[in-house]
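One structure is given below, encoded as structure tokens.
Note that ligands are numbered from 1 as they come in the structure, with each ligand's atoms numbered from 1 the same way.
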Amino acid sequence: MEKLYHLTKAEQLTTSIVADLLKDAEGFNKSLKAGVRNFKNLSGVTICSLFYEESTRTRFSFERAALLLGATVIGTENAAKFSSAAKGESLEHTIKMVSGAAKGHLGYADIIVLRHPENDAADRAARVSSVPIINAGSGADEHPTQALLDAYTFQKLLGRLDHFTISFIGDLKFSRVVNSDAFLLSQYPGVKMFFVAPEGLEIRPELKSYLSQKEVEFEEASDIKAVVRESDICYVVRVQKNRIKDSELLLAYQRNKDNFAVTEEVYKMSQQKGTFFCHPMPVDEEEQEIRPEVENLPRVKMFEQAGYGVPVRMAILAKVWQNTKI
Ligand code: CP
């Protein structure tokens with residue numbers, strides 16, 4: 001099987017790697033449920049949690065995963081301001097220093113978990129790092145560990161990763177999660193994808209070309225109500241206000257936001273199909289793409305989904321560390 005060392009893109013997550021990691025994640029999940037807290041997989045290991053962009057779930061779940069596995073965690077939640085990036089240091093110099101590129105035994109960390117606003121940041125970091133880089137979100141491009149925890153969620157909900165229909169809904173142009181999820185799921189037979197986005201925020205042409213090349217069946221639509229009855233999973237994402245430069249695009253979304261939201265009407269429409277609703281979170285409190293009146297209903301799974309971040313990231317960290325030694 002391919003060896004996972006750096007994890008920068010969902011395309012690295014082959015079906016055999018996914019199966020292996022999901023099996024390990026299930027083991028960690030069961031142990032956590034049984035009350036185990038003192039895993040030893042990363043005993044003596046230091047994880048650097050290097051976040052240049054804001055995060056709640058990814059950072060906390062990675063840090064909790066590392067601590068549960070027995071690692072020490074160093075890092076910053078705002079590297080743009082609190083690391084020497086604020087003094088003009090390049091990402092490459094930071095990574096070389098932290099990873100001990102000059103003299104390995106003098107490095108500061110054994111694995112670096114990196115979130116960064118630039119699309120190519122994780123690949124740039126991997127090129128100069130002497131320890132594994134795990135991409136915890138790079139610009140609007142990739143979020144491979146979210147794709148893995150989503151795959152874990154879909155498998156838990158449906159019992160499989162093949163032969164199902166998923167609708168991605170919302171701002172698909174700037175969503176790194178949708179990009180990574182679509183890459184990962186494109187490898188499985190019989191996965192049909194609907195893409196439901198406001199005008200100007202549709203999925204990127206490169207992703208469409210990739211899916212066509214992989215012979216994935218997909219269709220575009222402009223209203224969740226047109227696809228929900230056919231969907232096993234509706235995967236909703238927020239409008240990425242932090243990345244949209246053209247205010248007209250945001251206004252276009254806001255004018256039609258009911259078309260991209262899980263409302264009571266949408267939930268009721270999906271009763272017969274039994275559609276599950278997922279969301280990587282955060283939900284935008286102003287736009288309410290998952291309406292408060294449905295967020296605690298049984299088929300809305302976003303909180304459970306976010307919780308799976310812990311065992312899935314435990315599996316990733318343990319595997320990557322194990323692979324440094326073989
Ligand atoms: N899903 C996700 O990446 O959430 P955070 O931005 O809170 O880490």
Per-residue contact class, Met281 against ligand 1 - non-hydrogen pairs under 4.0 Å: backbone
Protein residue, atom and distance nearest to atom 1 (N) of ligand 1, heavy-atom basis: Pro280 O, 2.9 Å
Whether over 12 other heavy atoms sit under 6.0 Å from Gln254 CD: yes
Plane angle bin for Tyr52 and His116 - parallel if under 30°, tilted between 30 and 60°, otherwise perpendicular: tilted
Minimum heavy-atom distance Val237-Ser175, with the two atoms named: CG1-OG, 3.8 Å
Parallel, tilted or perpendicular: ring planes of Phe195 versus Phe168, cut at 30 and 60 degrees: parallel
The one among Arg57, Arg59, Arg115 that brings a heavy atom closest to atom 6 (O) of ligand 1: Arg115
Close-contact set for ligand 1 against Thr58 heavy atoms, below 4.0 Å: 2 (C), 3 (O), 4 (O), 5 (P), 8 (O)
Identity and distance of the protein heavy atom lying nearest atom 7 (O) of ligand 1: Thr56 N, 2.8 Å
Ring centre gap for Phe183 and Tyr210 strictly below 6.0 Å: yes
